[in-house]
Amino acid sequence: MQKPSNARGTRDFGPKEMAKRTYVFNVIKNHFEQFGFQAIETPAIENLSTLTGKYGDEGDQLLFKILNSGDYLSKLNEQDFKEGSKKFTYKVSEKGLRYDLTVPFARFVSMNRNDLAFPFRRFQMQPVWRADRPQKGRYREFYQCDADIVGSNSLLNEAELITLFQSVFNSLRLKAHLVINSRKVLAGVVDVLGMSDLFVDFAVAIDKLDKIGWDAVSNELVERGFSKDHCVILADLIVFEGNNLAKIDKLRQFFNGNEQGEAGLREIEQVLDFISKNGYDNSNIIFDYRLARGLSYYTGLIFEGKAKDIPFGSIAGGGRYDNLTSDFGLPNMSGVGLSFGIERIIDVMEALSLFPDIPVSGSKVLFAYFDQEGQIQAFQYVNELRRLGIASEIYPEIAKIKKPFEFADKKKIPFVAVLGEQELAENKINLKNMRSGEQKLLTLNELIQSL
RNA sequence: GCGGUUGUAGCUCACUCGGUUAGAGCACUGGUUUGUGGUACCAGGGGUAGUGGGUUCGAAUCCCAUCAUCCGCCCCA
């Protein structure tokens, strides 16, 4: 016998956890649908060629690869072996588990381009897998919930996703704010400094601002090729605090006509303008030109949602990408997406006790009896109730009456219906309210009424 | 990939300096109660101390390795 355990970084979800997870999933799903997004699913397994090269070298390392079936060594020779595990891997593995939902979606759009109505709004809630080292809030198998709108450049889509963010977190009663920025603003900043070549380095470093502070970030910038003078100029921007409009003004002066930067600011302004009419309190939408975001495929607006009352990393993220599908032979397909970090949302809601009371068992009543006669009668009754839409179950064994009571108590089933000699003789049912302890002798019809 | 933490019953944990039969709470099983759960009382089952090696008369305890875990870094959402 072996000691049972989960594979590293994976979790089981018991009925209690599932009740909470399903609750959050359903809320998000309802909002997706309300906004006109359509569900799709894609396979867990993709061709490795679809996945590799999309997430950078680091990402390729974190892909779970599936060993080819059959005698996967038969076509290999010693030379292949000597080339090292990196190349060797791709000779014995042609499939892998998806790493996110965006790349499979891009493949999907490219393959179905002629059948989809553009602009296409899709949502997808499925697990993804990463061979990462697990830590707090970080798993090897976890769900992503993505909503994307592709085939439209309109900034109204950005405004729609921000509104979606508002409505989802309103429903969950989770206080969150959404930080927005534009890649073009960031590009404008490095452009003004004359350092456009180091855009990616700039983004990677500035992204850590929250975590490690400006001093450490400026050190990193210098390490990555920026001068101390650059940092002095940047420091002026970094320390500036103000509302959205003040920040836009500040940057406008800084850009002094720089084209990219200006374009970014106009995007921000227009989106803020749109959402001011969406009927939500938008004081939690914050323009922050210090927001970067790791993913390299974003080209326009970027978002990042965070919980207000608790530091927990980001609970939503997304942005505009201009070339989603060009890797799959469909150029110029622009889209914008928002991903809800559902695992973290659940963790945050748990930590803040935001879950409403969710019944673990759906059953309203459990039938109990003493002998075979009662068992048969109970089986009849329970199915009658089910036909009427009353979720109910029957204790399957003839046992001490204590057993079904303990069972109902454990499962928090609110009523137990007892069928004993007396009840059967009178054609009645003894219904016990497990919470109050109250017990009544009822006919089947009376029982149905009282449930 | 790097650094650290922890690993004892199903779960949460205790066991003084290395010393006899490794304990507790919760959970589980049975009973007090053969027509009643959630409270109480009584009794009971359950352990290769992660795994492998070493030191020692003697190891849960010390050392080494290995696996797992959690935390941090890199990275990522």
Side-chain angles (χ1 to χ4, degrees), chain A residues 1-11 14 54-63 85-86 99-102 127-146 200 203-205 207-208 211-212 216 220 291-298 302-307 312-319 337-348 366-371 374 395 398-424 429-441:
Chain A
M1 207 194 74
Q2 57 175 5
K3 197 172 185 181
S5 69
N6 289 85
R8 187 171 212 197
T10 65
R11 301 157 292 166
K54 308 296 192 300
Y55 310 106
D57 282 347
E58 291 268 353
D60 286 353
Q61 303 258 315
L62 299 180
L63 287 172
S85 45
K86 216 169 177 180
Y99 180 88
D100 70 1
L101 300 178
T102 307
V128 303
W129 294 268
R130 296 183 185 182
D132 209 346
R133 180 168 279 226
Q135 312 174 11
K136 191 180 181 178
R138 201 171 186 185
Y139 309 100
R140 288 185 141 185
E141 176 182 70
F142 61 98
Y143 274 78
Q144 289 194 331
C145 299
D146 285 18
V200 173
V204 169
D207 199 39
K208 297 176 188 166
K211 222 174 185 176
I212 61 177
E220 187 166 335
L291 171 69
R293 270 186 78 69
L295 286 177
S296 50
Y297 53 73
Y298 291 124
I302 47 184
F303 323 109
E304 185 161 291
K306 291 192 170 177
F312 219 97
S314 75
I315 53 173
L338 179 65
S339 176
F340 289 87
I342 191 149
E343 307 290 354
R344 285 190 182 170
I345 292 173
I346 290 165
D347 287 346
V348 167
L366 175 78
F367 279 86
Y369 45 82
F370 297 89
D371 51 23
Y395 195 78
I398 297 170
K400 284 187 183 171
I401 197 70
K402 191 179 185 152
K403 292 286 186 183
F405 274 97
E406 278 175 349
F407 182 73
D409 184 54
K410 223 182 249 179
K411 275 184 90 175
K412 302 273 174 269
I413 299 172
F415 292 95
V416 174
V418 181
L419 294 177
E421 212 176 324
Q422 247 180 319
E423 289 86 350
L424 290 170
I429 303 160
N430 216 332
L431 187 70
K432 176 160 181 173
N433 181 326
M434 292 296 280
R435 191 164 251 194
S436 65
E438 204 183 347
Q439 199 157 310
K440 281 181 198 162
L441 201 57

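Proteins get letters first, then strands, A, B, ... in listed order; numbering begins at 1 in each.
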A:Gln439 CD - B:rG37 P separation (whole Å): 11 Å

Whole-Å C1' distance, B:rC63 and B:rC2: 24 Å

Gap between atoms CZ and C1', on A:Phe405 and B:rU39 respectively (whole Å): 16 Å

CD (A:Glu421) with more than 12 external heavy atoms under 6.0 Å: no

C1' atoms of B:rC76 and B:rC62, separation to the nearest Å: 41 Å

For the student: nearest non-hydrogen atoms of A:Leu291 and A:Phe303, plus distance: CD2-C, 4.2 Å

A:Asn433 side, atom CG; A:Phe415 side, atom CZ - distance, nearest 0.5 Å: 4.5 Å

Sugar-phosphate only, base, or nothing, as touched by A:Val418 at under 4.0 Å among non-hydrogen atoms: base

Phosphate OP1/OP2 of B:rG38 contacted by A:Lys402 side-chain N/O (<4.0 Å): no

Spacing of the C1' atoms in B:rC41 and B:rC15 (rounded, Å): 29 Å

Atom P, compared across B:rU55 and B:rU16: separation rounded to whole Å: 24 Å

Donor-acceptor side-chain pairing of A:Glu423 and A:Asn430 below 3.5 angstrom: yes

Check: B:rU36 base within 3.5 Å donor-acceptor of A:Lys432 side chain: yes

CA sep, side-chain torsions, deciding dist, call: A:Ile413, A:Met434, side-chain contact (heavy atoms from CB on, under 4.5 Å): CA-CA 8 Å; A:Ile413 299 172; A:Met434 292 296 280; over 6 Å; no

Parallel, tilted or perpendicular, as decided by the 30° and 60° cut-offs, for the rings of A:Tyr99 and A:Tyr55: tilted

Rounded interatomic separation in angstrom, taking CZ from A:Arg8 and C1' from B:rU66: 13 Å

Side chain A:Asp409 and base B:rG38 donor-acceptor under 3.5 Å: no

Sugar-phosphate only, base, or nothing, as touched by A:Glu343 at under 4.0 Å among non-hydrogen atoms: nothing

Value in whole Å for how far the P atom of B:rU36 lies from CG of A:Leu441: 16 Å

Distance between P atoms of B:rA22 and B:rG46 (Å, rounded): 13 Å

Presence of A:Arg133 side-chain N/O under 4.0 Å of B:rC75 phosphate oxygens OP1/OP2: no

Whole-Å distance separating the CG atom of A:Leu424 from the P atom of B:rG35: 14 Å

B:rC13 to B:rU8 separation - P atoms, rounded to the nearest Å: 9 Å

Whole angstrom value for the distance that separates P of B:rU33 from CD of A:Glu406: 16 Å

B:rU12 versus B:rG19 - spacing of their C1' atoms, nearest Å: 28 Å

Among B:rU29, B:rG35, B:rG37, the nucleotide that comes nearest once only the side chain of A:Glu423 is considered: B:rG35

Pairing nucleotide - B:rG1, Watson-Crick or G-U, each distance under 3.5 Å: B:rC73

Rounded interatomic separation in angstrom, taking CG from A:Asp207 and C1' from B:rC74: 14 Å

Closest contact, heavy atoms only, A:Arg140 versus A:Ala131: NH2-O, 3.7 Å

Comparing A:Phe370 and A:Ser339 on RNA chain B - which has the more 5′ nearest nucleotide: A:Phe370

Residue matched to B:rA24 through Watson-Crick or wobble contacts both under 3.5 angstrom: B:rU12

Interatomic distance at P, B:rC74 relative to B:rG7, whole Å: 28 Å

Counterpart base for B:rU32, defined by Watson-Crick or G-U wobble contacts under 3.5 Å: B:rA40

Complementary nucleotide of B:rG18, counting Watson-Crick and G-U pairs under 3.5 Å: none

Base B:rC75 paired with A:Arg138 side chain (donor-acceptor, <3.5 Å): yes

Who pairs with B:rA49 - Watson-Crick or G-U, where each distance is under 3.5 Å: none

Between P of B:rC75 and CG of A:Leu62, the distance in whole Å: 12 Å

Under-4.0 Å side-chain N/O to phosphate OP1/OP2 contact, A:Lys410 with B:rC28: yes

